[in-house]
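If you read the sequence from its start, that first residue is 1, and numbering goes on from there.
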Amino acid sequence: MNFTITGSLGHISKPLAETLIAAGHQVTIISSDAAKVKAIEELGATAAIGSVEDVAFLTKTFSGKDAIYTMVPPNFGASNVREFISSTGKKYAEAIKASGVKHVVNLSSIGAHLASGTGPIAGLHDVEEIYSELDGVAVKHLRPAYFYINFLANIDMIKHVGILGSNYDGETPFVLVHPNDIAAVAAEELQQTFEGKSIRYIASDESTAANVASVLGAAIGKPELPWVEFTDEDALQGMVQAGLPEPMAKSYVEMGDAIRSRKLFVDYFNHKPSSLGTIKLEDFAKEFAKAF
């Protein structure tokens, strides 16, 4: 089969490409960075260098493919995070229609069933709605849980303050996922036939915020590492001081509020996947310790 995948050589797209290539498929990888051409070609893929905001480029790169994988790349400099994500989804949809591709696997998120109050995830809700208007195109929306690797951004907090935390309490239920488990599901879906518009949740493990702190702490020799709940204002100021632009920081605070209220995970628990991924919290803790 012949696929185009977005996301350059990111945490999901690279292992996804490797899996598809190993299975004998042709893969084109979209990247905005010309410096990635060599690495993409070394994987055995074709590099397509351009912007996901360029509909003509996307149309050309999607054309003739059996299926495509779409994801909205992060844009930490966006003044309106939701609008950037929605706008990118619209451009993808235009290119999908113009190219004639009939099968799309799209990276969405847990919590995308909610229309608002979820920070950047609200933009992915918009993308799901935009794709729902694609006539004659089968779309599989992947809704992965909270990425383990997000905790890597908290290493400085642990080193300098000796805590792990956010704007929700330690008893907050946490559904977690590893990018490799997402890539495995994306590869499975791309290689099979599906019809209509459907959703698939992806999770590797289920825990609580306090247990995450305990497991990661044990892996780095800090078994008493506490989980601390911040106020929204403290969470915002902490992210801004760490260098995150204020619009993105505000968006993350809103997502944290959705986690705190438990609403982010409600639909997941009502439609849990039949099996979880292979990479558990304790497995990720080893990766975390190496990065620490």
Side-chain angles (χ1 to χ4, degrees), residues 7-16 18-19 71 73-74 76 107 109-111 119-121 142-186 201-230 234-236 238-244 248-249 251-253 255-256 258-260 264-265 268 273 275-292:
S8 190
L9 295 176
H11 294 292
I12 299 169
S13 297
K14 183 178 180 180
L16 170 57
E18 290 172 334
T19 299
M71 59 85 65
F76 292 101
L107 183 68
S109 173
I110 198 166
I121 297 172
L142 306 182
R143 288 185 180 174
Y146 190 89
F147 286 28
Y148 287 127
I149 59 174
N150 290 343
F151 291 111
L152 295 174
N154 298 129
I155 286 177
D156 283 345
M157 180 192 301
I158 297 171
K159 286 185 173 180
H160 300 303
V161 190
I163 62 172
L164 186 60
S166 191
N167 59 327
Y168 38 89
D169 65 65
E171 296 309 306
T172 302
F174 237 129
V175 187
L176 302 156
V177 72
H178 195 283
N180 287 354
D181 282 336
I182 303 171
V185 170
Y201 281 99
I202 311 171
S204 303
D205 210 347
E206 297 171 4
S207 186
T208 65
N211 189 57
V212 169
S214 177
V215 172
L216 296 184
I220 59 174
K222 299 178 183 292
E224 303 304 318
L225 181 70
W227 180 274
V228 176
E229 180 180 7
F230 307 147
D234 285 344
L236 175 62
M239 284 186 276
V240 170
Q241 289 171 12
L244 200 64
M248 183 62 78
S251 188
Y252 283 158
V253 168
M255 182 174 70
I259 295 173
R260 178 175 59 208
L264 194 76
F265 301 129
Y268 165 85
S275 61
L276 299 181
T278 61
I279 304 172
K280 304 305 176 186
L281 176 58
E282 288 74 11
D283 300 317
F284 170 70
K286 296 173 184 176
E287 293 181 36
F288 187 86
K290 290 179 180 179
F292 192 83

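The stretch residues 279-292 participates, sequence neighbours left out, in these side chain to side chain donor-acceptor pair (under 3.5 Å) pairs: His178-Glu287. Residue pairs meeting the side chain to side chain donor-acceptor pair (under 3.5 Å) criterion with at least one member in residues 147-167, sequence neighbours excluded: Asn167-Asp232. Applying the salt bridge (charged side-chain N to carboxylate O under 4.0 Å, His left out) test to pairs two or more places apart or on separate chains, those with a residue in residues 163-176 are Asp169-Arg262. For residues 202-217, the side chain to side chain donor-acceptor pair (under 3.5 Å) pairs, not counting sequence neighbours, are Asp181-Ser204, Glu206-Tyr268, Glu206-Lys272, Ser207-Asn211.
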Handout entry: Derivation and outcome, side-chain contact (heavy atoms from CB on, under 4.5 Å), residues Val212 and Val215
Key = CA-CA 5 Å; Val212 169; Val215 172; over 6 Å; no
Problem - CA sep, side-chain torsions, deciding dist, call: Trp227, Thr172, side-chain contact (heavy atoms from CB on, under 4.5 Å) - result: CA-CA 11 Å; Trp227 180 274; Thr172 302; over 6 Å; no
Practice task
Under the side-chain contact (heavy atoms from CB on, under 4.5 Å) rule, what do Leu225 and Ile158 come out as? Steps first, then yes or no, please.
Solution key: CA-CA 8 Å; Leu225 181 70; Ile158 297 171; 4.0 Å; yes
Problem - Working for side-chain contact (heavy atoms from CB on, under 4.5 Å), residues Phe147 and Ile12 - result: CA-CA 11 Å; Phe147 286 28; Ile12 299 169; 3.8 Å; yes
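Not a single donor-acceptor pair under 3.5 Å links the side chain of Ser13 to the backbone N or O of Leu9.
Every residue two or more places apart in sequence or in another chain was checked for a side chain to side chain donor-acceptor pair (under 3.5 Å) with Glu18, and none qualifies. Partners of Ala145 according to the side-chain contact (heavy atoms from CB on, under 4.5 Å) rule, which considers only residues two or more places apart in sequence or in another chain, are Ile110, Val175, Val177, Ala203. Every residue two or more places apart in sequence or in another chain was checked for a ring pair (Phe, Tyr, Trp, His ring centres under 6.0 Å) with Phe230, and none qualifies. A search for side chain to side chain donor-acceptor pair (under 3.5 Å) contacts involving Tyr201 returns Arg143, Asp267, not counting sequence neighbours. Ala289 meets the side-chain contact (heavy atoms from CB on, under 4.5 Å) test with Ala219, Ile220; sequence neighbours excluded. Annotation: salt bridge (charged side-chain N to carboxylate O under 4.0 Å, His left out) contacts of Asp234 (sequence neighbours excluded): none. Partners of Phe265 by ring pair (Phe, Tyr, Trp, His ring centres under 6.0 Å), not counting sequence neighbours: none found. Every side-chain contact (heavy atoms from CB on, under 4.5 Å) that Ala249 has, sequence neighbours left out, goes to Leu236, Met239, Val240, Leu244.
In this structure, Pro144 and Ile182 approach most closely via the heavy-atom pair CB-CD1, 3.5 Å. In terms of heavy atoms, Pro179 sits closest to His11 at CB-O, 3.4 Å. A pairwise comparison of heavy atoms in Met157 and Ile163 identifies CG-O, 3.4 Å as the closest pair.
Considering CG of Leu216 and CZ of Phe292, their distance stands at 10.0 Å, rounded to 0.5 Å.
By the 30° and 60° cut-offs, the orientation of the rings of Phe151 relative to Phe174 is perpendicular.
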